[in-house]
Amino acid sequence: MEIPAKYNPATVEDKWYSYWLENKFFHSEPDEREAYTIVIPPPNVTGVLHMGHMLNNTIQDILVRRARMEGKNACWVPGTDHASIATEAKVVKKLSEKGIRKSDLTREEFLKHAWEWTEEHGGIILKQLRKLGASCDWDRTAFTMDEERSNSVIKVFVDLYNKGLIYRGLRMVNWDPKAQTALSNEEVIYKDEQSKLYYLKYYVDEPAGSTDGEEEGAVVLKPEDAFDPAVKHQILHRDADGRRYAVVATTRPETIMGDTAMCINPKDPKNTWLKGKRVIVPLVGRSIPVIEDRYVEIEFGTGCLKVTPAHDTNDYMLGKTHNLETIDIFNADATLSEAAGLYVGMDRMAVRKQIVVDLENAGLMEKIENYQNKVGYSERNADTAVEPRLCMQWFLKMQHFADIALPPVMNDELKFYPSKYKTTYHNWLDNIQDWCISRQLWWGHRIPAYFLPAAEGAEEKFVVAETAEKALELAKALPGYENVTMEQLRQDDDALDTWFSSWLWPLSLFNHFSDPDNKEIKYYYPTCDLVTGPDIIFFWVARMIMAGYEYRGEMPFKNVYFTGIVRDKLGRKMSKSLGNSPDPLELIAKYGADAVRMGMMLSAPAGNDILFDEALCEQGRNFNNKIWNAFRLVKGWNVDEAAAQPESAAVAVKWFGAMLNKAGAEIKDLLSKYRLSEALMAVYKLFWDDFCAWYLEMVKPAYGAGIDVATYGATIGFFDSLLKLLHPFMPFITEELWQNLEERKAGETIMLQNAPACGEYETELLQQFEDASQIVMNVRNIRQTKGISPKDALSLFAKEPYNAAMDAVIKKLANISEINVVAAFDTQAQGVNFMIRTNEFFVPLAEHINVEEEVAKMRAEVEYYEKFLKQVNAKLSNEKFVNNAPENVVALERKKQSDATTKLENLNNRIAALLKK
RNA sequence: GGGAGCAUAGCUCAGCUGGUUUAGAGCAUCUGCCUUACAAGCAGAGGGUCACAGGUUCGAAUCCUGUUGCUCCCACCA
C-alpha cells in the first residue's frame with residue numbers, strides 16, 4: 001500500500017466526524033457508569049465562531065473525550081443563547097436596512113421577524129463547532145428561548161417574586177439610548193476618554209455690587225488667573241459690572257437644563273461666601289439653591305458641583321437627601337425633551353456642541369480644559385454611551401444569593417482553576433448590588449407581571465403569575481377587583497435580562513423546573529466541569545452557582561476552568577477593527593482541525609491569556625505530519641516470521657514500555673490538574689523524541705530486511721497506546737490511524753477505547769537508557785566535530801565499572817563496531833574521551849586528533865570542576881550546614897564531592913597521558 | 001481610589017512544602033546533512049547575574065519587606 005508522504009487532514013476530518021455522528025458516539029443516556037457532564041457556555045444564537053470559541057470548545061472537547069476514554073459516561077450538552085439585546089439590535093438593524101422601523105411594528109410582528117432571523121442564522125455556530133471536532137451530544141441541543149427553558153424562566157420569576165426577592169422600583173439605571181433599554185451594572189463598559197472640562201459661570205441671584213458673605217482676605221479671581229484648588233481662603237469671581245458668580249466645572253454642559261441645585265462642601269474655605277445663596281443656571285436663567293454636602297470633593301475643579309438629579313447617579317442621591325426637584329430633560333432616545341425648555345428634540349451630543357458655543361457667546365464660559373474621564377458604554381452596543389436614567393425597573397435582591405453562593409467556593413467544595421479568581425468572586429459577592437433584571441426589549445422572556453386598571457393618580461397594582469389565566473384569578477381575589485376582566489389586564493412590556501435565563505442553564509437543560517425528580521437531572525447534575533472566560537464570572541458563573549443552590553441545594557458544577565483571552569502575538573486583544581483576528585474556519589482549512597487545536601493548546605495554561613500565533617498551528621501541522629510518517633514507516637515494514645528478535649530491539653521494547661508507563665502517569669496527573677498544555681507537551685515529546693527519534697531508530701530493521709514478529713507486535717501496541725493518549729487533543733488523525741493500524745470491526749472507534757493503563761516501571765531501566773543515550777550523543781558529537789561520517793564505524797572503550805545492558809542499542813545508534821571494557825585506557829592511543837556521570841569512555845581516532853585542542857578542552861573542564869568542588873567543599877566544611885541540613889542533603893553534597901574528585905582525577909590523568917606523547 | 005496577579009533564555013511558559021551536580025521545556029537561532037518514514041525532516045550546538053535593592057536562613061528563582069515596570073478586576077470624583 002502506498003501512503004502519501006504528507007498528511008492531508010481535509011480528506012479525513014469530515015469522514016470521521018460523520019462516522020462518529022452516524023454511530024451516535026457522542027450521545028449519552030444515563031446508565032450505571034459514572035457521569036461526566038459539561039454544559040456548553042451557550043454562544044449567541046446569531047454569532048459566528050471566533051478564536052475565543054475555538055479555544056474554549058477545544059478545551060471542553062479535550063476534557064470530554066478524555067473522560068470518555070476513562071470509562072465515564074460523558075455528556076456534553078450544546079445550545080445557544082437568545083442574547084436579547086445583541087440579537088434585537090441585529091434584527092433592528094436588518095429591518096432598518098429594509099426601511100422598517102421597530103416603532104412601526106407591533107410586538108408580535110417584530111417577534112415574527114426576530115424568530116425568522118433566528119431560524120435562518122441561528123445555529124450556524126453549532127455547525128461550525130463540528131468542524132473543530134466538538135463531540136457534543138447534538139440530540140440534546142437547547143436554546144435559551146425554547147419551550148422548556150422559557151417555562152423555567154417564568155417559573156423562577158414567579159417563585160422569586162413570591163419569595164419576596166423580586167421588586168419593582170424607580171431607580172437610576174444605566175440606559176442604552178440606542179437600544180432604548182436599561183442595562184445591568186455588569187453590562188456597562190467604562191472607557192477612558194479624552195474629553196473637556198467646561199467651567200461655567202453661575203451668577204449669584206443678587207443685585208450687582210453685593211458683598212454679602214465675603215470675609216477679609218477674600219481673593220477676587222480674574223478669568224486668566226490660575227486656579228489653585230487647595231487654597232485656604234475665600235475665592236470669588238466678579239465681573240466688570242460688579243456681579244458675583246460661582247464657577248462650576250462639568251464634563252456635561254448639556255445637562256444644565258436639569259440643574260436643580262449647586263452644591264458645595266461645607267468645609268470648603270474657598271466657597272463659604274456662597275452659603276445660603278441662590279445662583280442662576282446659565283442660559284436657562286432659573287434660580288437654584290446652593291446646598292452643602294460633604295460628598296463634594298473640595299479639591300476637584302472649583303469645589304462647586306452642579307446637581308442634576310435626573311441624570312447622574314450621585315446627583316440623584318443628593319437630590320434625595322436634600323429634597324431637590326428632579327427635571328428629566330431627556331427622552332428615551334437621548335434627545336432633549338420639552339422639560340429641557342431649550343434645544344428640544346436635539347440629540348444630547350449635538351446639544352453639547354451647540355451649548356458650548358452659546359455659553360461662550362453669552363460670556364458664561366469661564367474656560368475649557370482638556371480632561372480625561374471615564375465614560376460608560378453599552379457592552380452590546382459598543383458605540384453608544386450609556387445615560388444614567390431614572391425609571392421603573394424590576395430588581396432581584398441579591399444578598400440572599402450572595403450568602404448561599406459564597407461559602408462553597410471559598411472552602412473549595414466548588415473549585416476554581418486558577419484559584420486566584422476566588423478573590424475576585426469574593427469581592428464581588430461582598431459588595432453585591434441588586435440585579436436589574438428588566439430590559440425594555442421585545443426579544444426575550446416577557447415579564448409575567450400583569451397590571452390592573454387603576455384610578456388616575458393611584459399607585460399601579462399588579463399581579464405576577466405564570467399565565468394570564470392565573471394572573472386573572474389572582475387579580476379577582478384582590479379587594480375591589482372582583483369583576484376585573486382579561487381585557488383589562490395589561491402584561492408588562494419588558495423582557496428579562498438574557499442572563500436571567502442563562503443562570504438556570506445547568507438546571508433547565510435537564511428539565512429541573514418541569515420535573516425536578518427526573519432521571520436525567522439526578523444522573524447528570526451536578527455537572528463536572530465548566531469551561532468559560534473570567535470576563536463572565538459575575539454575569540454567569542456566580543449566578544449559576546446561586547441558582548444551583550437555590551433550586552437544588554447543590555452546586556451546578558464541581559470545577560470551573562477559566563480560560564484566558566485570546567490575543568494576537570503582540571498581546572493585543574483580537575478585534576475586528578484591528579483585523580488581527582484570524583477566522584478559525586480558515587485556519588482549519590489551511591492546517592487541519594487537529595493542528596489548530598494543538599496550536600491553541602500549546603500556549604494556553606489555565607487562566608493565562610494566550611498569545612495566538614499562526615506559527616503554533618504550523619507546529620501542530622508538523623506534528624501531525626510526524627505522526628503520519630511514523631505510521632508510514634511502521635506499516636511499511638515486512639514481518640519476517642523466521643527472523644529472531646535482535647538484542648537492540650528487545651532492549652528497546654523493554655525500555656519504551658517503561659517510558660510509556662511513566663509518561664502515561666505523568667499525563668494523567670497533569671490532566672487531573674487541568675494543566676492541559678503541559679499534558680499535550682508531554683505527549684508531544686513522548687511521541688516525537690522517545691518514540692520516533694529513539695525507539696523507532698532502535699528497532700528499525702536494516703534496509704530491505706524484515707522485522708521480527710515480537711518487535712512488530714510490540715511496536716503496533718505502542719503505537720496504539722500513543723494514539724489513545726493523543727486522541728483527546730487530536731481526534732481526527734488519531735481515529736484515522738487507529739482505524740488503519742490493525743483490522744477493525746464495523747462500528748469500532750478509538751473514541752471509546754480506554755486510555756492506556758499506566759502500571760509500574762523499572763526506574764533502573766530508564767537510567768540505563770539515559771546513560772546509553774548520552775553515550776550515543778557524545779559519539780555523534782565527536783563525529784560532527786571531527787568530520788567523521790555516520791557511515792564509518794567507530795570502536796568505543798569503556799572503563800570499568802561499566803554496565804553493558806544497553807550495548808546493542810549503543811552500537812546500533814552510534815554505529816559502534818565494538819565496545820571494549822577495560823581497566824585503563826591505553827595511554828598510547830590517539831582519541832577523544834568523555835564522561836557520563838563518573839564513567840569514562842574513549843573513542844580511538846587515529847588521525848583526527850589535535851592534542852592541544854583536546855587538552856585545552858579538558859583543562860576548561862578541569863577549571864569548571866575545580867570551581868564546583870570548591871563550592872561543595874565550602875558547604876561541607878561549614879559546621880552549621882552539616883549539623884542543620886537534612887541527612888539526605890548532606891549525603892548528596894558528599895556524593896557531589898566524591899564525584900567531582902573522581903572526575904578531576906580522570907581528567908588530569910588523561911591530560912597527563914596526552915601530553916606524555 | 002481599592003483589590004488581585006505577573007516579572008525566569010530572542011518568544012511563550014514550567015520550576016509544587018526553600019536543598020537533586022552553578023536553572024528546564026517547546027518554539028526561534030546557529031552549524032552540518034536531500035542518511036532508503038518524514039526538509040512540515042535528521043544530527044549537533046549556542047543561549048539566562050531568575051526585574052532591582054535589602055532581609056530571613058547553613059542554604060533563596062522559591063519565604064519576607066521595599067522599589068520599579070506591566071496586566072487585569074472593582075469603584076459615583078463632577
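In the text below, chain A, chain B and the rest are named by the order of the sequence lines, each starting its count at 1.
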Under 4.0 Å between any heavy atoms, over every strand shown, what does [X] touch: base, sugar-phosphate, or nothing? Just pick one.
X	answer
A:P388	nothing
A:N781	sugar-phosphate
A:K685	sugar-phosphate
A:F538	sugar-phosphate
A:R675	sugar-phosphate
A:F623	nothing
A:T251	sugar-phosphate
A:Q619	sugar-phosphate
A:M777	sugar-phosphate
A:K903	nothing

Measure across [X] and [Y] and return the closest heavy-atom pair with its distance rounded to 0.1 Å.
X	Y	value
A:C304	A:I264	SG-CG2, 4.0 Å
A:R783	A:N815	NH2-O, 3.0 Å
A:Y198	A:P253	CD1-CD, 3.5 Å

[X], nearest nucleotide to its side chain (from [options]):
X	options	answer
A:C692	B:A37, B:A78, B:C58	B:A37
A:R780	B:G44, B:A37, B:G19	B:G44
A:A5	B:C38, B:C77, B:C42	B:C38
A:N373	B:A45, B:A78, B:G41	B:A78
A:N427	B:C38, B:G26, B:G3	B:G3
A:V296	B:G3, B:A40, B:A78	B:A78
A:Q784	B:G15, B:G44, B:U22	B:G44
A:A693	B:G26, B:A43, B:A37	B:A43
A:N625	B:A40, B:G5, B:A25	B:A40
A:F300	B:U21, B:A78, B:G26	B:A78

Rounded distance in Å - [atom1] ([X]) to [atom2] ([N]):
X	N	atom1	atom2	value
A:Y417	B:G5	OH	C1'	19 Å
A:Y190	B:G1	OH	C1'	15 Å
A:W637	B:C38	CH2	C1'	14 Å
A:L696	B:U35	CG	C1'	16 Å
A:E254	B:A78	CD	P	14 Å
A:Y684	B:A40	OH	P	14 Å
A:L429	B:C74	CG	C1'	13 Å
A:R632	B:A40	CZ	C1'	13 Å

Pair partner, [N] [Watson-Crick or wobble, under 3.5 Å]:
N	answer
B:U22	none
B:U65	B:A53
B:C70	B:G5
B:C42	B:G32
B:G10	B:C27

Under 4.0 Å between a side-chain N/O of [X] and OP1 or OP2 of [N], yes or no?
X	N	answer
A:N888	B:U20	no
A:W688	B:C42	yes
A:K6	B:C38	no
A:Y371	B:A78	yes

Between [X] and [Y] (salt bridge meaning N to carboxylate O under 4.0 Å), is one present in this structure?
X	Y	result
A:K903	A:D899	no
A:K367	A:E369	yes
A:E614	A:K590	yes
A:D689	A:K685	no
A:E254	A:R252	yes

Which residue in the set A:W694, A:F691, A:Y695 passes ring pair (Phe, Tyr, Trp, His ring centres under 6.0 Å) when paired with A:F718?
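Result for ring pair (Phe, Tyr, Trp, His ring centres under 6.0 Å) with A:F718: A:Y695.
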Which residue, A:Y674, A:Y421, A:F562, forms the ring pair (Phe, Tyr, Trp, His ring centres under 6.0 Å) with A:F416?
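Result: among A:Y674, A:Y421, A:F562, A:F562 is the only option passing the ring pair (Phe, Tyr, Trp, His ring centres under 6.0 Å) with A:F416.
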RNA chain B contacts made by residues 892-902 of chain A, counting heavy atoms under 4.0 Å:
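By residue number: A:L892, A:K896, A:D899.
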Side chains of A:W435 and A:R543: closer than 4.5 Å at any heavy-atom pair?
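Yes - at least one pair of side-chain heavy atoms lies under 4.5 Å apart.
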Return the 5'-most residue of the pair A:N622, A:T838 with respect to RNA chain B, ranking by each residue's nearest nucleotide.
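Nearest nucleotide further toward 5': that of A:T838.
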5'-most contact on RNA chain B: A:D312 or A:R837, nearest heavy atom basis?
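Result: A:R837.
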Using atom [atom1] in both nucleotides, what's the gap between [N] and [M] to the nearest angstrom?
N	M	atom1	result
B:A14	B:A37	P	39 Å
B:U36	B:U22	P	41 Å
B:U8	B:C16	P	16 Å

Donor-acceptor pair under 3.5 Å, A:E697 side chain vs B:A43 base
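Check fails, no donor-acceptor contact within cut-off.
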